[in-house]
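In what follows, chains are A, B, ... by sequence order, proteins preceding strands, each numbered from 1. Note that the coordinates shown come from a computational prediction; the quantities given were computed from them, not determined experimentally.
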Amino acid sequence: MLRNEWHEVSDERLVELSQQGNLSAFEEIVRRYKDKIFNTVFRIVGRREDAHEVALDVFVKAYHHLETFRGDARIYTWLYRIAINLAKNRLRDGSRMGRNLGVSLESMKEDPSTLASSGLQSANSPRNRAEVRELEEMLQCCLNELPDELRTVFVLKVFEDLSYEEISQIMNCPLGTVKSRLNQARSVLRRRLTELSIL
Amino acid sequence: MENKDKIEKLLSYIDGELSPEDRVEMEALLHEDIQLQQDLEAFRRVNVLYRGLEKKHAPPEFEHMVRKRLERTPRTIRFRRPGLKEKPVWHLVAAAACLMLVLAATLYQLSLVSRNTNRFTVSLNRTAADQTSPSPAAEALSVGQKSDEIMPQKKQTSAESFEEPEPEGVESHTPPTTSPAQEKADMELPQLPTKTVDTFAEKMSLSQSADTKNDGLSSGRLGVDDKLLEKPLARELRKQALAKKDDKETIRQLAGREFIFEENEWRERGYSGEETLSLSRDAKETSQFFSQHAPLAPILQWKEPVVFRIDSKWYRLR
């Protein structure tokens, strides 16, 4: 099968073929979900290098454990679950090694007024690009400050636009817990961003 | 509606997770509540800010890297029958290890049994020989008695192999001792035809005859049931005998009472010098007294005076 012909094959069929050892089929799954997984992991671990390693591990692990995938959920839900677990492990290892994830927020608070006046809409303007990058880093720092569980729910909802139901499946927790964590995460971020005069 | 509930509903509204009815209700609420409108604006802004962040993409060579890693560690495809759960290998390993342990323990027990049986046979040979004629071992016994004074710790070791039948109801006992020399002699005796001892009474008679000849030094071994010797319980009994011997028999128990040997007499625990009523072992009244207090009757056989209490009165049996 040619590479572009894989586009028409459903996720379920790709999984079935992959389970039979078809590496090309699995490659198509990687192609479909690599950016989503990479972005999610990046927002959780906060470092590109870590995100890269974790995302690679996600797909390798998924391939080696494909036989345990029963097809009850969508393949991407399963991939997200693996990604979340590996990202958490990476965070735990990082904190055990005393590694500082991302840029320090304190170092960015020197001139919040410029940040407040800037908006992401102005990112297209070359003259504001540096400021926008700074704002991005600041937002990521605020995200990194959240406890792991709150950050994960927030990332899955806001960045990946998953439903509460899907998030509860991925995180293996009740729907009410998802709601409450999401509300907590938003409230904390709102307060923090207000303090930094970003809101 | 409480503020917390309002915020929760508001966030569900932002996420599009409200039912159509709740959505209408929330919109009506937003028209009235200015604070809620501000909250809505703030939370939407948080979403916009984060959603506006640049999407991070995996590097272009990502698929290639995944493929390379997968080719390096190919997956073993296992076809399983549905419903058949795979058991890890370590289960088998653990089961095998348990089996080996049990086997080893059984073999060890068997070796102990055979060792104890041999020892008991030798002991019987020795006693049978004593009954018929004085043996070199009997001569060695007297040497052994002397050597006890020189090597007390050896004496303790030899005491391990003795048990003595006790008077009924008396829980304590004094294991008779044997000398290292006799022990050695026991082990070195030539193999005589083994005498079969069928009944406990027969063993006892053998034991008593040995007592008269050897000052009770070898009676204990015959006092123990031979089946008992074949079991670890025999070892335990020997240990107990040894432990009690270590106490130099300062404590006896009888009918749930404890007697302590102090100032050459047995005193029931709790006695602290109170006045006592004297009882003589030979007096008729004493026999009558003990017929009324039968559980304590065995103290009549004790050699030393005994102080005991009945109905808050203390008695001294002389």
Side-chain angles (χ1 to χ4, degrees), chain A residues 18-21 23-24 26-28 30-31 33-43 48 51-52 55-60 63-67 119-121 123 132-133 135-136 139-140 142-143 154-155 157-159 161 163-165 179-180 182-183 185-187 189-190 193-194 198-199, chain B residues 2-19 22 35-36 38-86:
Chain A
S18 303
Q19 282 175 331
Q20 289 164 13
L23 204 55
S24 301
F26 187 73
E27 215 170 30
E28 177 59 22
V30 176
R31 206 172 296 127
Y33 296 108
K34 63 175 184 177
D35 288 335
K36 280 176 173 290
I37 295 295
F38 186 85
N39 190 48
T40 303
V41 172
F42 175 80
R43 291 301 167 198
R48 196 172 176 84
H52 182 69
L56 265 176
D57 288 345
V58 170
F59 288 105
V60 172
Y63 185 71
H64 285 296
H65 292 84
L66 258 182
E67 65 200 26
L120 290 177
Q121 291 81 359
V132 170
R133 198 167 52 243
L135 176 64
E136 275 192 15
L139 288 171
Q140 182 64 45
C142 290
L143 199 57
F154 183 82
V155 166
K157 182 66 208 169
V158 174
F159 290 92
D161 206 18
S163 69
Y164 290 173
E165 185 65 47
K179 277 187 192 176
S180 105
L182 194 55
N183 295 349
R186 277 168 164 156
S187 300
L189 284 174
R190 181 189 172 184
L193 295 175
T194 309
I198 294 173
L199 276 185
Chain B
E2 278 185 33
N3 197 42
K4 196 185 165 192
D5 294 338
K6 267 191 202 171
I7 296 291
E8 198 166 297
K9 261 200 164 166
L10 179 69
L11 290 170
S12 296
Y13 174 75
I14 294 169
D15 290 332
E17 297 265 355
L18 282 185
S19 64
D22 287 342
Q35 178 59 44
L36 204 61
Q38 286 173 353
D39 289 335
L40 175 72
E41 190 53 39
F43 285 125
R44 271 192 172 153
R45 178 101 176 112
V46 171
N47 273 5
V48 167
L49 274 171
Y50 278 99
R51 280 186 179 144
L53 286 177
E54 185 196 353
K55 290 260 180 200
K56 302 290 175 187
H57 297 284
E61 70 280 12
F62 190 81
E63 292 136 73
H64 179 65
M65 290 165 88
V66 172
R67 193 176 185 119
K68 260 176 83 178
R69 291 234 340 230
L70 291 180
E71 282 169 350
R72 222 167 34 211
T73 54
R75 182 164 62 99
T76 322
I77 302 164
R78 282 167 282 187
F79 294 99
R80 290 184 299 171
R81 271 185 291 164
L84 190 71
K85 202 175 177 182
E86 207 173 295

Chemist: Does any backbone or side-chain atom of B:E54 lie under 4.5 Å from a heavy atom of chain A? Answer side chain, backbone, both or neither.
Modeler: both
Chemist: Which atoms of A:L143 are under 4.5 Å from chain B, going by heavy atoms: the side chain, the backbone, both sets, or neither?
Modeler: both
Chemist: Is A:S163 close to chain B through its backbone or its side chain, or both, or neither, when contacts mean heavy atoms under 4.5 Å?
Modeler: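 Both the backbone and the side chain of A:S163 come within 4.5 Å of chain B.
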Chemist: Does atom NZ (B:K55) have a neighbourhood of more than 12 heavy atoms from anything else shown, all under 6.0 Å?
Modeler: yes
Chemist: With rounding to the nearest 0.5 angstrom, report the CZ to CG distance, B:R69 to A:D57.
Modeler: 5.0 Å
Chemist: Is any side-chain heavy atom of B:I7 closer than 4.5 Å to a side-chain heavy atom of A:N183?
Modeler: no
Chemist: What part of B:E8 gets closer than 4.5 Å to chain A, counting heavy atoms only: side chain, backbone, both or neither?
Modeler: both
Chemist: Measuring from B:R67:CZ to A:E27:CD, what's the distance to the nearest 0.5 Å?
Modeler: 4.5 Å
Chemist: So for A:F42, is it side chain, backbone, both, or neither that comes closer than 4.5 Å to the heavy atoms of chain B?
Modeler: side chain
Chemist: Sequence neighbours excluded, which residues qualify as salt bridge (charged side-chain N to carboxylate O under 4.0 Å, His left out) partners of A:K179?
Modeler: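 A:K179 satisfies salt bridge (charged side-chain N to carboxylate O under 4.0 Å, His left out) with no residue once adjacent residues are dropped.
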Chemist: Check each atom of A:K157 against the heavy atoms of chain B and say whether the ones under 4.5 Å are side chain, backbone, both or neither.
Modeler: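 When you check distances to chain B, atoms from both the backbone and side chain of A:K157 fall under 4.5 Å.
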Chemist: Listed by chain and number, what are the salt bridge (charged side-chain N to carboxylate O under 4.0 Å, His left out) partners of A:R186, not counting sequence neighbours?
Modeler: B:D15
